[in-house]
Amino acid sequence: MPVKLSEIGVYAFADVEAKWQAKWLKEETFRAKCDRKLPKYYILEMFPYPSGKIHVGHARNYTVGDIVARYHRAVGFNVLHPIGWDAFGLPAENAALKRGVHPKEWTYYNIRVMRRQMQELGLSYDWRREFATCDERYYGFQQKIFLALYKKGLIYRKRSEVNWDPVDNCVLANEQVIGGCGWRSGAPVEKRMLSQWFLKITAFVEELLNEIDNLTGWPEKVKVMQRNWIGRSEGCSITFKTSKGEDLVVFSTRPDTIFGATFLAISPDHSMARKLAETDSKVANFIKEFKKGSVAQEFLDRQEKTGVYTGVTVDHPFLDRKLPVYVANFVLMNYGTGAIFATPAHDQRDYDFAKKYDLPIERVVASPNENNDELPYLDDGILVNSDFLNGLTVDKAKKAIIQKLCDIGAGKRETFFKLLDWGISRQRYWGCPIPIVHCSKCGIVLLNNEDLPVLLPGDVAFEQPGNPLDRHPIWKHTKCPQCGGGAVRETDTLDTFFDSSWYFLRFCVDDANSSDLLNKDDLASWMSVDQYVGGVEHAILHLLYARFFSKALTECGLANIREPFANLFTQGMVCSVTYRKENGDWLFPEEVRRTISGGYEVIKTGENVIVGNLEKMSKSKKNVVDSDDIVKKYGADTLRLFIVSDTPPDRDFPWSDDGVEGCWRFLNRLWRLFVYAHSCGVGAKRCYGIENLAFENCEKHIHQLRKDFHRTVKNVTDALEEKAMNRVVAYLRDCVNSIYQLVDDIDTHIDAFSIIIRELLKLLAPIVPHICEEAWDMLGFEGLVSNASWPSYEAKYLEISMINLPIQVNGKLRGTIDVAVNMDEEMIFARALAVPTVQNSISGKSVKNKIFIRGKIINFVV
RNA sequence: GCCCGCGUGGCGGAACGGUAGACGCAGCGGACUUAAAAUCCGUUGUUCGGUAGGACGUGUGGGUUCGAAUCCCUCCGCGGGCACCA
């Protein structure tokens with residue numbers, strides 16, 4: 001007997017979701033197949049750092065990927081959808097310091113918690129491939145990679161100035177320095193000279209830059225950021241002779257302005273500056289001040305140009321002019337040659353400096369606009385006061401001057417990049433040990449492959465700040481593999497970005513027991529990643545490093561990959577409201593309540609609360625929503641649905657509790673439909689194959705439903721291909737609405753409803769898989785909806801025979817007529833003209849032109 | 001400063017150059033209920049009008065077009081990235 005729609009109870013998600021999650025795990029439903037004949041699809045979300053909790057920002061990332069994975073399975077791909085843990089890193093050590101837990105214990109505990117949370121989200125991962133970068137097998141193999149890169153000359157050791165965090169006692173990457181302070185400690189970063197290991201990312205700089213053009217599946221935004229980061233500039237180097245008889249090499253992208261050069265400037269870090277400082281106290285003082293100043297942020301903000309004259313001059317290569325050499329704070333040592341020639345008339349910085357120190361300014365490029373005599377002049381123009389360059393355009397002058405400099409042996413064409421080699425040493429315990437020993441006799445010695453892995457010692461003490469490996473009583477003392485004498489291990493560990501630069505390759509390898517984590521056959525069958533999903537915050541770092549690694553490993557013969565990620569999707573951030581006290585303290589949402597007057601107050605104290613903007617969820621702002629809380633209250637399907645509803649996945653997502661409620665209601669609406677249909681006899685027994693979706697001999701309204709359904713299949717499929725999940729949800733809701741319109745007739749159309757609901761479940765399953773499995777099972781369909789194939793639509797059902805045709809007069813809508821699409825043109829015009837509102841707006845005027853686009857519009861021009 | 005991206009109802013957002021506002025959230029009205037919740041039905045850009053039907057409307061100003069949210073130019077605003085890169 002059919003139940004009453006209104007009497008169907010609330011959907012009991014908790015048991016349902018647990019049941020299907022267990023089944024998927026047990027049956028390994030989402031295990032990638034080893035069949036290489038099947039078309040493959042590798043979908044990957046950026047793996048998380050095991051911080052301890054999955055928040056809704058994570059959930060968004062993984063849900064988007066999961067929908068893509070489930071959809072591709074349904075359309076027939078052999079899908080690889082793995083997950084793992086970016087598990088080394090400082091937070092584990094800080095937790096150890098704070099709570100006395102071992103970093104390893106803390107990390108693996110967090111992984112267990114987060115794995116459970118992920119499984120409770122119904123994410124369709126191949127869990128057999130899961131690993132953490134702190135697993136011995138992984139980092140042990142990584143040490144082999146280190147050796148291979150070293151042997152290829154892609155790793156080197158260099159003494160250089162690095163960012164040093166005096167509180168955390170370790171080196172920071174440039175990107176971890178925010179506003180001159182450590183991102184974690186907040187302490188002003190110091191500069192320190194240290195011997196560090198570097199990866200020679202610059203060896204592939206041209207390739208990394210040029211191949212960006214081929215990354216057609218990447219967002220333009222990310223490509224632009226990478227191009228800027230690499231920062232290629234073409235120009236030439238010029239060698240000047242100093243009054244002391246030395247060579248001073250400068251780099252310029254504007255060699256055409258050489259005749260306007262009035263001084264030279266070198267970086268305080270330039271070797272010549274250091275040398276001069278030994279004898280010149282003014283230079284020495286300036287360098288000292290510079291070092292001090294470079295730490296303070298306000299100094300950078302002011303961007304005030306300062307310098308000191310060295311007493312040294314150089315000869316201008318073409319003029320009888322001596323150019324003074326300054327040490328100047330605005331010249332960077334790590335770009336170009338650390339020295340420039342300055343043409344104040346055509347460079348803002350040179351101009352500022354010249355004004356301050358009263359140096360000559362000589363114009364050599366004339367503006368095409370004769371009235372423009374403003375300086376500095378930075379645009380294109382015609383060369384003047386420049387001897388043999390006079391009359392040339394900037395472009396031509398550049399070529400001419402470079403040629404001339406080459407001819408006289410004073411310069412050469414050169415290209416410089418902003419990209420610098422990647423410092424990978426970290427003075428931390430919780431990272432991958434570097435497989436190197438320092439031998440007093442042999443110097444730096446690589447370990448042999450047989451000596452690997454170098455395992456992290458478990459018995460470390462964290463009471464003191466600094467690197468516990470360095471203080472460990474025995475760990476670092478070892479034998480030199482070359483001479484057998486006493487040696488000391490490298491106690492620095494690798495930057496965790498090293499770990500995450502090849503994890504996507506390790507996922508490809510199927511055999512858990514293989515010692516080769518970069519098995520070539522496996523790599524060949526799965527790489528490249530067909531779809532990578534992650535936050536835009538990795539636009540440069542991780543994504544550039546991973547690209548570099550692919551090339552470097554290929555160079556070493558360990559892989560054969562040009563570009564690792566064929567398509568990249570960057571999802572937006574999840575944002576939520578913030579609450580603060582008037583003194584600026586952040587408040588948790590549960591600490592505040594609405595007042596009668598419509599404002600907010602602190603529940604405990606009644607203090608006034610300032611409601612802030614939607615901001616990116618962060619612990620410090622106390623506006624993070626924990627995925628567990630939502631899953632417990634509404635279930636995973638509701639969270640999954642909500643997180644992809646409404647907002648396109650590449651935009652920032654405004655979290656709202658009301659929105660969650662709305663999705664929960666929709667899920668119940670679905671549930672009632674399935675239960676009701678089931679009680680009416682809808683189900684597998686009334687389906688006779690896909691061809692029945694045609695059901696030719698049916699009543700008109702069911703005819704319409706069929707058309708709506710085919711339209712839905714097309715719309716949903718197209719939107720999924722574009723990753724417009726918000727539109728997918730809209731089309732599905734629309735479809736459910738039109739089914740509800742006919743639900744009273746369900747008894748007389750059991751067959752039609754059976755087929756439509758079966759196909760609808762397939763469309764819904766990628767987004768809300770649990771409820772779909774349950775309904776699929778309840779209605780008696782075979783197997784799992786997760787294994788069902790994607791519905792197809794027929795073009796003939798998308799055709800429209802009747803249309804509500806809009807009629808415009810002078811481009812303004814004046815009415816519509818219902819006509820057959822193929823109706824005779826003259827007939828349509830006649831019908832259109834007969835519409836009273838159309839007549840009114842023509843009202844006696846003569847029709848000058850008639851536009852008719854069949855199936856679209858009529859426009860009368862009067 | 002430079003380089004991107006974006007401006008559509010109260011809100012999230014739809015819209016191959018062709019009926020702007022699909023779908024949802026919030027709101028309003030109604031049915032059911034002793035009542036509430038849930039559910040179902042209707043309604044909701046602004047404005048004039050009793051209705052019919054108008055006027056206005058996609059940040060601003062212009063242009064192209066029979067027709068512009070959509071294409072081109074100007075300006076304004078917001079967001080992001082880079083930032084002494086020679």
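Below, read A as the first sequence line, B as the second, and so on, with proteins coming before strands; counting in each chain starts at 1. Reckoned from all heavy atoms, side chains included, excluding hydrogens, waters and symmetry mates.
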For this session: Ignoring backbone atoms, establish whether A:Arg665 has a side-chain N or O less than 4.0 Å from OP1 or OP2 of B:C25.
Result: yes

For this session: Nearest-nucleotide wise, let me know which of A:Ala730 and A:Gly338 is further upstream toward the 5' end of RNA chain B.
Result: A:Ala730

Seminar exercise, completed: Side-chain contact check for A:Phe330: nearest option of B:C84, B:C66, B:G24 is B:C84

Problem set entry | B:C40 phosphate, OP1 or OP2, under 4.0 Å from A:Arg672 side-chain N/O | yes

Exercise. Under 4.0 Å: is that the gap between some side-chain N or O of A:Ser233 and OP1 or OP2 of B:A86?
Worked result: yes

Problem set entry | Candidates B:G13, B:G18, B:C23 - which lies nearest the side chain of A:Thr647 | B:G13

For this session: Specify the separation, in whole Å, of atom CZ of A:Arg669 and atom P of B:C23.
Result: 12 Å

Exercise. Is the ring centre of A:Phe417 less than 6.0 Å from the ring centre of A:Tyr335?
Worked result: no

Exercise. Counting only side-chain N and O atoms of A:Arg651, is one of them less than 4.0 Å from OP1 or OP2 of B:G79?
Worked result: no

Exercise. What integer distance in Å separates A:Tyr326:OH from B:A86:C1'?
Worked result: 18 Å

Problem set entry | From B:G18, B:C41, B:A86, nucleotide with atom closest to A:Gln741 side chain | B:C41

Exercise. Taking for each residue the nucleotide of RNA chain B bearing the nearest heavy atom, is the 5' side occupied by A:Ser252 or by A:Ile803?
Worked result: A:Ile803

For this session: Could you tell me if the ring centre of A:Phe263 sits under 6.0 Å from that of A:Phe353?
Result: yes

Problem set entry | Phosphate OP1/OP2 of B:A15 contacted by A:Arg727 side-chain N/O (<4.0 Å) | yes

Exercise. Do the side-chain N or O atoms of A:Asn859 get closer than 4.0 angstrom to the phosphate oxygens (OP1, OP2) of B:G18?
Worked result: no

Problem set entry | Polar side chain donor-acceptor pair, A:Glu234 to A:Thr415, under 3.5 angstrom | no

For this session: Examine the base of B:C84 for any acceptor or donor lying under 3.5 Å from a partner atom in the side chain of A:Lys305, and report the outcome as yes or no.
Result: yes

Seminar exercise, completed: Mate of B:G42 across any strand shown (Watson-Crick or G-U wobble, both atom pairs under 3.5 Å) is B:C28

Problem set entry | B:G79: pairing nucleotide in any strand, Watson-Crick or G-U under 3.5 angstrom | B:C4

Exercise. Salt bridge or not for A:Asp213 and A:Arg227, using N-O below 4.0 Å?
Worked result: yes

Exercise. Do the non-hydrogen side-chain atoms of A:Val716 and A:Arg727 ever get within less than 4.5 Å of each other?
Worked result: no

Exercise. Side chain of A:Asn737: nearest nucleotide among B:U19, B:C23, B:C82?
Worked result: B:C23

Seminar exercise, completed: Side-chain contact check for A:Tyr335: nearest option of B:G13, B:A86, B:G81 is B:A86

Seminar exercise, completed: For nucleotides 52-58 of chain B, 5' to 3', base contacts (B), sugar-phosphate-only contacts (S) and non-contacts (-) with protein non-hydrogen atoms under 4.0 Å give -SSSS--

Seminar exercise, completed: Whole-Å distance, A:Trp671 CH2 to B:A38 C1', equals 18 Å

Exercise. Cationic tip of A:Arg669 within the cone over A:Tyr740's six-membered ring, i.e. under 6.0 Å and within 45° of the normal?
Worked result: yes

Seminar exercise, completed: Taken to the nearest whole Å, CZ/A:Arg854 to C1'/B:G18 is 15 Å

Problem set entry | Within the 6.0 Å centroid threshold, strictly below: A:Trp655 and A:Phe642 | yes

For this session: State the pairing partner of B:G21; accept Watson-Crick or G-U wobble contacts with both distances under 3.5 Å, and report none otherwise.
Result: none

Exercise. Taking only residues two or more places apart in sequence or in another chain, which ones pass ring-ring contact (aromatic ring centres under 6.0 Å, His included) with A:Tyr11?
Worked result: A:Trp671

Problem set entry | Anti versus syn assignment for B:G9, with syn defined as within 90° of 0 | syn

